[in-house]
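Single-structure report; data block below.
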Amino acid sequence: MTNEKDVPQTPPPSPTGHSKLKKTEAMNMIRSIIQGNIKIKKTEEDEHQGFRLNSCPYNECDGSGYTSTIVDGEEFSTPCQCYKDTVFQRKQKKANIQEDYWSANIAALKEVDVSLLQPKKVVAPRKPDGRYKDKNNIPPEKPDAFIARTYDEHPVKKGIHFFATQYTEKTLEYLDTHPRTKTRNLMLIGETGRQKTFLACAIASEFLARNKTVYFSTMQDIIDNVISKRINLHKIVTETDLLIIDELCNEYHTDSQWSLKRMKEIFRLRKNRNLPTICTSNLYPNAWEELYDKPLTSTFNGSFFITLLANDYDFRLEQMEEAYDNYDFFD
């Protein structure tokens, strides 16, 4: 019977030799990946972020997404900008942001007049209009008159870039506080083509760049998804760092008030968790009580920065001017 002690034992590698071996194996692995000589099994997250391009748009890498440098005889790799761009675009796609807004960022915003509408504590009654004899058939109050009567308007004199940066930084600060005790939502209102959706997506880009989660949707799609359950809406509402609801007030309503109840629940869940929400709307506050009710209007006034974007020019017309320039229709 052979004694276990008599069996020759292979001495374990020294700590120094073991470290060198691991380092060599790692460098060979990285070199092989860069050269495309081997394939590795990726995790679900790697599959989501990994890619291979035919050519690098920056002419910095070979399409693998990594550039390599030699330092003291050893090869090191760093992510190429094309890799960073692609990863970021996939984050935007996962956030359900439309491709038209992938380039949205705060620096690209065009100047518009920005005003914060602070609800007045005491609202004066609407002045009677003697031109209408039938008091039960008076036309709705015009938006400008309603805002002047109901809100104190505070212009942001430092401009839209300052406003967007301030909101983003402060909201991220609140979001990272533990325990999270407060946040502020954003309600962007104004005429069509005043950069409301672009601004919301520009702020979303900042959140994604800080590794926060974002989800973008119209209110109509959110209501539809309550029924279809194509997405886990409850998880999105309760866990996503930033929820963007586009085209508020354009959703379909019925007399059953079913949609209104779902909307109230969404805003309640977000508020209870102190998670920020950005809404955009072409309608002004005078339409809220007619479309919704006083409790939801109170939610908007009490937990949102109501922000009016005003400009004499529709930026969408500018996009069409550029489109005309790309064709020879008039030559």
Side-chain angles (χ1 to χ4, degrees), residues 92 95 97-120 141-172 183-210 214 216-219 242-250 276-288 291 297 300-301 303-325:
Q92 291 175 306
I97 296 174
Q98 300 172 34
E99 191 171 346
D100 290 346
Y101 293 103
W102 283 3
S103 61
N105 61 78
I106 292 177
L109 287 165
K110 297 179 181 179
E111 280 300 340
V112 296
D113 294 330
V114 182
S115 297
L116 290 172
L117 305 183
Q118 185 175 5
K120 292 180 179 179
E141 191 172 11
K142 292 183 178 180
D144 291 347
F146 180 86
I147 289 174
R149 183 170 61 85
T150 311
Y151 297 90
D152 289 321
E153 189 170 348
H154 302 286
V156 180
K157 297 180 180 179
K158 293 185 178 180
I160 192 170
H161 298 91
F162 176 82
F163 171 79
T165 301
Q166 279 280 296
Y167 174 79
T168 301
E169 295 300 329
K170 200 68 178 178
T171 304
L172 284 168
T183 191
R184 286 296 179 269
N185 305 313
L186 197 58
M187 177 73 71
L188 301 174
I189 63 175
E191 300 292 335
T192 300
R194 267 58 180 183
Q195 295 186 117
K196 299 185 297 295
T197 304
F198 191 94
L199 172 55
C201 291
I203 295 172
S205 293
E206 291 294 324
F207 270 69
L208 291 174
R210 313 285 182 92
V214 175
F216 177 100
S217 178
T218 65
M219 180 54 81
L242 176 64
L243 176 63
I244 298 176
I245 301 177
D246 200 30
E247 298 181 2
L248 182 73
C249 302
N250 284 355
T277 303
I278 298 178
C279 297
T280 74
S281 178
N282 293 333
L283 295 186
Y284 290 85
N286 61 310
W288 294 347
L291 185 61
T297 299
F300 295 153
N301 284 325
S303 59
F304 281 77
F305 286 123
I306 303 172
T307 309
L308 175 62
L309 303 183
N311 192 58
D312 294 334
Y313 188 73
D314 185 339
F315 290 113
R316 293 180 181 176
L317 299 181
E318 186 174 306
Q319 294 175 350
M320 279 308 301
E321 288 182 0
E322 295 175 357
Y324 278 118
D325 292 339

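Keep in mind that what you see is a predicted model, and the values were worked out from it rather than measured. Residue numbers start at 1 and run along the sequence shown.
- The side-chain contact (heavy atoms from CB on, under 4.5 Å) check on Ala108 picks up Asn105, Phe198, with sequence neighbours excluded.
- Thr168 places no side-chain N or O within donor-acceptor distance of the main-chain N or O of Gln166, the cut-off being under 3.5 Å.
- A search for side-chain hydrogen bond (donor to acceptor under 3.5 Å, both in side chains) contacts involving Thr218 returns Asp221, not counting sequence neighbours.
- Looking only at distances, no side-chain donor or acceptor of Asn185 sits under 3.5 Å from a matching main-chain atom of Ile278.
- Between the Thr280 side chain and the Glu247 main chain, a donor and an acceptor come within less than 3.5 Å of each other.
- With sequence neighbours left out, Thr277 forms a side-chain hydrogen bond (donor to acceptor under 3.5 Å, both in side chains) with Arg270.
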| Worked verdict on Ile189 versus Ile306 for side chain to side chain contact (heavy atoms under 4.5 Å, CB included) | CA-CA 7 Å; Ile189 63 175; Ile306 303 172; 4.0 Å; yes
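- Checked against salt bridge (Lys or Arg N to Asp or Glu O under 4.0 Å), Arg210 has the following partners two or more places apart in sequence or in another chain: Glu169, Glu206.
- Evaluation of the ring pair (Phe, Tyr, Trp, His ring centres under 6.0 Å) rule for Phe300 yields Phe267, Trp288, Phe304 as partners, not counting sequence neighbours.
- With sequence neighbours left out, Glu111 forms a side-chain contact (heavy atoms from CB on, under 4.5 Å) with Ile160, His161.
- Looking at Phe305 and Leu117, their side chains never come closer than 4.5 Å, going by heavy atoms from C-beta outward.
- Rounded to the nearest 0.5 angstrom, Leu186 CG and Ile203 CD1 are separated by 5.5 Å.
- Among all heavy-atom pairs drawn from Pro276 and Thr183, the shortest one is CB-OG1, 3.6 Å.
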| query | Passes side chain to side chain contact (heavy atoms under 4.5 Å, CB included), Gln92 versus Cys201? Steps please. | reply | CA-CA 9 Å; Gln92 291 175 306; Cys201 291; over 6 Å; no
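- By the salt bridge (Lys or Arg N to Asp or Glu O under 4.0 Å) test, Lys110 pairs with Glu318, sequence neighbours left out.
- Residues passing the side-chain hydrogen bond (donor to acceptor under 3.5 Å, both in side chains) test with Tyr284 are Glu191, sequence neighbours excluded.
- Identified under the side-chain hydrogen bond (donor to acceptor under 3.5 Å, both in side chains) test for residues 147-159, with sequence neighbours left out: Ser115-Glu153, Gln118-His154, Glu141-Arg149, Tyr151-Asn301.
- When each of Leu308, Ile244, Val114, Thr307 is paired with Leu188, the side-chain contact (heavy atoms from CB on, under 4.5 Å) condition holds for Thr307 and for no other.
- For the pair Leu248 and Ser281, the tightest heavy-atom approach, listed with the atom from each and the gap, is O-OG, 3.0 Å.
- To the nearest 0.5 Å, the span separating CH2 on Trp102 from CG on Asp100 amounts to 10.0 Å.
- The heavy-atom pair separating Ile97 from Ala204 by the smallest distance is CD1-CB, 4.0 Å.
- Under the side-chain hydrogen bond (donor to acceptor under 3.5 Å, both in side chains) criterion, the residue pairs touching residues 193-203 are Lys196-Asn282, Thr197-Asp246, with sequence neighbours excluded.
- Legend: residues meeting side-chain contact (heavy atoms from CB on, under 4.5 Å) with Ala164, ordered by chain and number and at least two apart, are Ile106, Leu109, Leu199.
- Under a cut-off of 6.0 angstrom, the local environment of OH in Tyr101 is crowded, with over 12 non-hydrogen atoms contributed by other residues, nucleotides or ligands.
- Lys120 NZ: more than 12 foreign heavy atoms inside a 6.0 Å radius.
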